[in-house]
Colleague: 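Before anything else, here's the structure in question.
A note on names: the letters A, B, ... follow the listed sequences, proteins ahead of strands, and every chain is numbered from 1.
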Amino acid sequence: MRLSKIFIPTTKEAPADAVIPSHVLMMRAGMIRPLAAGIYSFLPFGYRMIKKVCEIIRREMDAIGGQEFHLPALNPKEIWEKTGRVEAFGDILFHVKNRDYVLAPTHEEIIAEIAANHVKSYRDLPQIWYQIQTKFRNEPRPRSGVIRGRQFLMKDSYSLDRDWEGLDKSYELHAEAYRKIFSACKLKFFEVGASSGAMGGTGSQEFMVESEAGEDTCVICDNCGYAANVEIAKANSTPYKRDDNSESLKEIHTPNVKTIDELAEFLKIPTTKCAKSRVYIHNDTPILVLMLGNDEVNEEKLRIALGAGKIRPAHPEELSEITGADAGSIGPIETNLQIIADIKLKGANNMVSGANKNDYHISGIDFDRDLSNIKYYDIHYVQEGDLCVNCKSPLRVVKAIELGHIFKLGTKYSEALGAKFLDEKGEEHPIVMGSYGIGVERIIACLIEQNHDEKGIIWPKEIAPFQVHLIGVNMKNDEIRSTCEKLYFEMNESDIEVLYDDREDVSAGYKFNDADLIGIPLQVIVGEKNLAKNKVEIKHRATGNKKLVEIGLLIRTLQDELFLP
RNA sequence: CGGGGCGUGGCUCAGCCCGGUUAGAGCGCCUGGUUCGGGACCAGGAGGUCCCCGGUUCAAAUCCGGGCGCCCCGACCA
C-alpha cells in the first residue's frame, strides 16, 4: 500500500479529550475519529487492524467447530420481552422510536429463536454458532476511546448442547480458543473467575488485561498465578491477635464522632481496635455487619455468604428505627439483630464499636465473650499486600480491562423461547446453552496500551497492520525513487505486507515521525548516503536498533526478521 | 444519575474576569519557490453561526437565563 494513496490522517497533537494512551494514539495515528460520545468511525488504517484481529478470531473459532452467522441487529422487542430482558437491561437497551424494535446488545434471544425453530433432535447437537457483529448499548457513560462505546464490535458465540456435560466441553473449547486468540494477539492477559450476575447461569470466567485504563479491579498473585475479580477474590487471612487480658465493657461518651478514623483519633487507639458497623436488609430482615477498622463490606461476598435472596444497605432513615442510633453510633452490644462479622474479627477482644445510642461507643468488646448471635465470613475486599490463598505470596490489586467473558448459561433462554430437542427415547429437553464474547476494539486498544512509547504505537511483529514500513527519504531523488519502487515490488511479490511512504512533498523528519507514530514493526529506510554503498537501513520500531543491509539481501533479511518461510 | 471541567477556522489554544477597532497565535490546508536522515524555510493565500436559543445593553465571543454537546471523577455496567 502506498502512503500517498491510503487515507491515514496522522496528527502531531491529540484532541484534548483523549486521555488514555490508546485513545490518543488511535486518534493521532489516523485509525479512528469520533462521531458522538462512545461512537467512532474506523478509518482505513484502523479498520485494517480490526480485520487482522477478526481473522485470528475466525481462525480459532472455526478450529473449534464454530460456524459463522450474521444475525440482525434490529430485533422485534417482543422476543426480548419473552426472556424478561427488556426490563433486565433497562436503559442500556436502545429502543427504536417509530416501531417496536430494539437494537440488539447481545444475541442469546435470536440464537435461541433459531434453535427453537430448527434444532429438533439430539442428532443436531452440539452446535457452536458465532458472529462478529456490531452491538448497541446505551452506556450511561462511554469512556476511554473505544474501550467503552455505545456501538462496538463483538465476537459473540453460543453453544448448544444436550446436557451439562456437553456444555462443559463447549465451554472448555471456548476457554482454550480464547487463550489462543489473545496469545496470537500478543496480549499479556490473565483469567479470573467471575460472578455470572444477571446473565443467569452457573459458571463464568473473564479474560482480563492489566491496565490503568481498566474498569474492573482484580487481584493477582505473581507467584502462583492466582487471579480473581476483587468482587470475589480471597486472601489468606491471619487470625486476630488477641490481647492477653480482656477488659470489661464500658460506655464512652464520644460527641460528634462518626467515622472510624475520628473514633481512633478521639480515643488514641489504632483503627484495628475498632469494629465498623453496617446495617443491611436481607430479604426484608435487617442484619448487622461488622468489619475490622476501615474495611469496606464486599457486598458480592456478603451476598454469597448469605445464600439466596436480595441484600441492600439500609437507608439512613431506617437506621434509627432498627438500631436506636444513627450511622456512626451503631454496634453489636445490646442488639437483637443477627450479626455477620468479617473473618478478620474472629476472636478479637478489647474492641470499640457503637453503643446503639447516638454519641456513645462501647469499649472492651470481646467477640468470643460478648457476642453470641454472630457468624463469621470472609466479606472484606482483598487489599494490596494481603497474602495469596494458595501460596501466601503478597497479592497485587490491579485495574483491568475485560477482553472476553465466557458463560455457562444453562436453559434460561432455551426454556423462555421454547428451544427444545428430542433425545433417543423421544423425550423432550431444553437445549443447554453457553454464551461467549470478545470485544474486538478492546483487543486493539489493549494492544496499544501494552505496546507504545512517547513517539507512538509499537505493533508486535505477529499482529500489525503492516509488517514493513518502506521509507524513501527523498522521493525527488531518482535513484531513491527507483530503488524504493523496486523494493516495494519485491516485497509485494514476497508476500511481505508493506506500507510504502512514497510521498514526494514530505520531509524526511516528517516521514520518520509518522512511521514511529503508526508503529509498523520494521522500517526500511532508503537514503542517499547508504544507497551510494548499495545499502538500505532496517530499523526496529520496538528497540530503535538500526542496521545496514545490502539491497540484494534485504528481502531475505526481512523474511528472517518476520519469521516468514 | 450526582460532582467537576470545557465548547472560539481542521487540531491545540489565547481573548471572556473588567462589553467597544477588521476575533488572534501555533500547527494543519492551498499556490509558487528553495530544501531533503528526525514533524524544514521564504513569499502569497483560503478558511469563523465565537455550540444553540432567549435576555440585558447604544453595543455581547465577553454579562444574565435556559438548552444542547463533549470530557473527567463517582454511581451503574448481562
Colleague: Ignoring the backbone of A:Lys455, work out which of B:G38, B:A40, B:C36 is nearest its side chain.
Modeller: B:G38

Colleague: Just the rounded figure in Å: distance from C1' of B:C77 to CG of A:Leu403.
Modeller: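 Atom CG in A:Leu403 sits about 16 Å away from atom C1' in B:C77.
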
Colleague: Would A:Phe182 and A:Phe207 count as a close aromatic pair, with their ring centres under 6.0 Å?
Modeller: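 Close enough - the centres of the two rings lie under 6.0 Å apart.
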
Colleague: Regarding A:Glu561 and A:His540, is there a side-chain donor-to-acceptor distance under 3.5 Å anywhere?
Modeller: yes

Colleague: When you compare B:G26 with B:U34, how far apart are their P atoms, in angstrom units rounded to a whole number?
Modeller: 25 Å

Colleague: With RNA chain B as reference, determine whether A:Val526 or A:Arg148 sits nearer its 5' end, using the nearest nucleotide of each.
Modeller: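 Mapping each residue to its closest nucleotide by heavy atoms, the 5'-most match is A:Val526.
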
Colleague: Going by modelled atom types, is there a donor-acceptor pair between the base of B:G37 and the side chain of A:Asn474 at under 3.5 Å?
Modeller: no

Colleague: Return the nucleotide paired to B:G9: Watson-Crick means purine N1 to pyrimidine N3 with N6-O4 or O6-N4, wobble means G-U with N1-O2 and O6-N3, both under 3.5 Å.
Modeller: none

Colleague: Nearest-Å distance, NZ (A:Lys533) to P (B:G37)?
Modeller: 14 Å

Colleague: Any idea which of B:G39, B:U12, B:G37 is nearest the A:Pro15 side chain?
Modeller: B:U12

Colleague: Determine the contact category for A:Asp91: base if any of its heavy atoms lies under 4.0 Å from a base atom, sugar-phosphate if only primed atoms, P, OP1 or OP2 are that close, otherwise nothing.
Modeller: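 Counting heavy atoms under 4.0 Å across all strands, no contact is made by A:Asp91.
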
Colleague: Salt-bridge test for A:Arg150 and A:Glu139: reply yes if a basic N is under 4.0 Å from a carboxylate O, no otherwise.
Modeller: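 Salt bridge: no.
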
Colleague: Under 4.0 Å between any heavy atoms, over every strand shown, what does A:Lys135 touch: base, sugar-phosphate, or nothing? Just pick one.
Modeller: nothing

Colleague: Quick one: is the NZ or CZ of A:Lys408 closer than 6.0 Å to the six-membered ring centre of A:Tyr171, and within 45° of its axis?
Modeller: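 Flagged: A:Lys408 positioned over aromatic ring of A:Tyr171.
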
Colleague: How is A:Pro9 classified with respect to the nucleic acid when contacts are heavy atoms under 4.0 Å: base, sugar-phosphate, or nothing?
Modeller: nothing

Colleague: Pair up each side-chain donor or acceptor in residues 19-26 of chain A with any protein partner under 3.5 Å, not counting sequence neighbours, and list the distances.
Modeller:
from    : atom 1 : to       : atom 2 : distance (Å)
A:Ser22 : OG     : A:Glu449 : OE2    : 2.7
A:His23 : NE2    : A:Tyr40  : OH     : 3.2

Colleague: Across nucleotides 67-76 of chain B, 5' to 3', mark each nucleotide with B, S or - according to how protein heavy atoms within less than 4.0 Å reach it.
Modeller: ---SSBBBBB

Colleague: Can you give me every donor-acceptor pair (side chain of residues 87-97 of chain A, partner residue at least two apart or in another chain, under 3.5 Å) with its distance?
Modeller:
none

Colleague: Taking a pair as Watson-Crick or G-U wobble with both distances under 3.5 Å, which nucleotide is matched to B:G19?
Modeller: none

Colleague: Measuring only the C1' atom in each nucleotide, how far is B:U22 from B:G10? A whole number of Å is fine.
Modeller: 23 Å

Colleague: Between atom NZ in A:Lys511 and atom P in B:G38, what is the gap in whole Å?
Modeller: 14 Å

Colleague: Would one find more than 12 heavy atoms of other residues, nucleotides or ligands at under 6.0 Å from atom CD of A:Glu550?
Modeller: yes

Colleague: Write down the distance separating the C1' atoms in B:A75 and B:G28, rounded off to the nearest Å.
Modeller: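 My reading of the C1' atoms in B:A75 and B:G28 gives 41 Å.
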
Colleague: Expected output is a numbered-order residue list: members of residues 537-545 of chain A with a heavy atom under 4.0 Å from any atom of RNA chain B. What is it?
Modeller: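 Close to the strand are A:Glu537, A:Lys539.
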
Colleague: To the nearest Å, give me how far apart CZ (A:Arg503) and P (B:G28) are.
Modeller: 13 Å

Colleague: Please walk me through it: do A:Glu109 and A:Arg85 pass salt bridge (charged side-chain N to carboxylate O under 4.0 Å, His left out)?
Modeller: CA-CA 9 Å; A:Glu109 277 76 359; A:Arg85 290 220 290 180; 2.8 Å; yes

Colleague: Considering every strand and a 4.0 Å limit on heavy-atom distances, what is the contact class for A:Arg28: base, sugar-phosphate, or nothing?
Modeller: base

Colleague: In whole Å, measure the gap between the P atoms of B:U35 and B:C41 for me.
Modeller: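 Each nucleotide's P atom is 16 Å from the other's.
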
Colleague: Tell me the interatomic distance from A:Ile480, atom CD1, to B:G37, atom P, rounded to whole angstroms.
Modeller: 8 Å

Colleague: Quickly work out the A:Asn513 CG to B:G28 P distance and round it to whole Å.
Modeller: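 Checked: the CG to P distance equals 12 Å.
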
Colleague: Work out how far the P atom of B:G48 is from that of B:G38, and round it to whole angstrom.
Modeller: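 Nearest-Å result for B:G48 against B:G38 at atom P: 37 Å.
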
Colleague: Does any donor-acceptor pair link the side chain of A:Lys12 with the base of B:U12 at a separation under 3.5 Å?
Modeller: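 Such a pair does not exist between side chain and base.
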
Colleague: Measure the distance from CG on A:Asp505 to P on B:G28 and round it to the nearest whole Å.
Modeller: 12 Å

Colleague: Looking across every strand, which nucleic acid part, if any, lies under 4.0 Å from A:Ile525 by heavy atom: base, sugar-phosphate, or nothing?
Modeller: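 Contact class for A:Ile525: base.
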
Colleague: Given the P atoms of B:A14 and B:A25, what is the spacing between them in whole Å?
Modeller: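 One P to the other, the span is 16 Å.
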
Colleague: State which residues pass side chain to side chain donor-acceptor pair (under 3.5 Å) with A:Arg278; sequence neighbours excluded, sorted by chain then number.
Modeller: none

Colleague: How does each nucleotide of nucleotides 47-53 of chain B score, in 5' to 3' order, for protein heavy atoms under 4.0 Å: base (B), sugar-phosphate only (S), or none (-)?
Modeller: -------

Colleague: Which nucleotide, if any, forms a Watson-Crick or G-U wobble pair with B:U49, using both distances under 3.5 Å?
Modeller: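 With both distances under 3.5 Å required, B:U49 matches none.
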
Colleague: Using 4.0 Å as the upper bound for N to carboxylate O, is an ion pair formed by A:Lys539 and A:Asp516?
Modeller: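 Yes, this pair counts.
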
Colleague: Would a line drawn from the ring center of A:Trp129 to the ring center of A:Tyr158 be shorter than 6.0 Å?
Modeller: no

Colleague: Please measure how far the P atom in B:G74 lies from the corresponding atom in B:C17, and state the result in whole Å.
Modeller: 35 Å

Colleague: Does B:G2 have a Watson-Crick or wobble partner in any strand here, with both distances under 3.5 angstrom, and which is it?
Modeller: B:C73

Colleague: Do A:Ile79 and A:Ile110 have side-chain heavy atoms sitting under 4.5 Å apart?
Modeller: yes

Colleague: Determine the Euclidean distance between corresponding P atoms of B:U12 and B:C6; express it in Å to zero decimal places.
Modeller: 15 Å

Colleague: Angle between ring planes, A:Phe466 versus A:Phe45, binned at 30° and 60°: parallel, tilted or perpendicular?
Modeller: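 A:Phe466 and A:Phe45: parallel rings.
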
Colleague: Tell me if the CD atom of A:Glu78 is crowded by more than 12 foreign heavy atoms within 6.0 Å.
Modeller: no

Colleague: Is there a Watson-Crick or G-U wobble partner for B:U34 with both distances under 3.5 Å, and if so, which one is it?
Modeller: B:A40

Colleague: CG of A:Asn477 versus C1' of B:U35: gap in Å, rounded?
Modeller: 13 Å

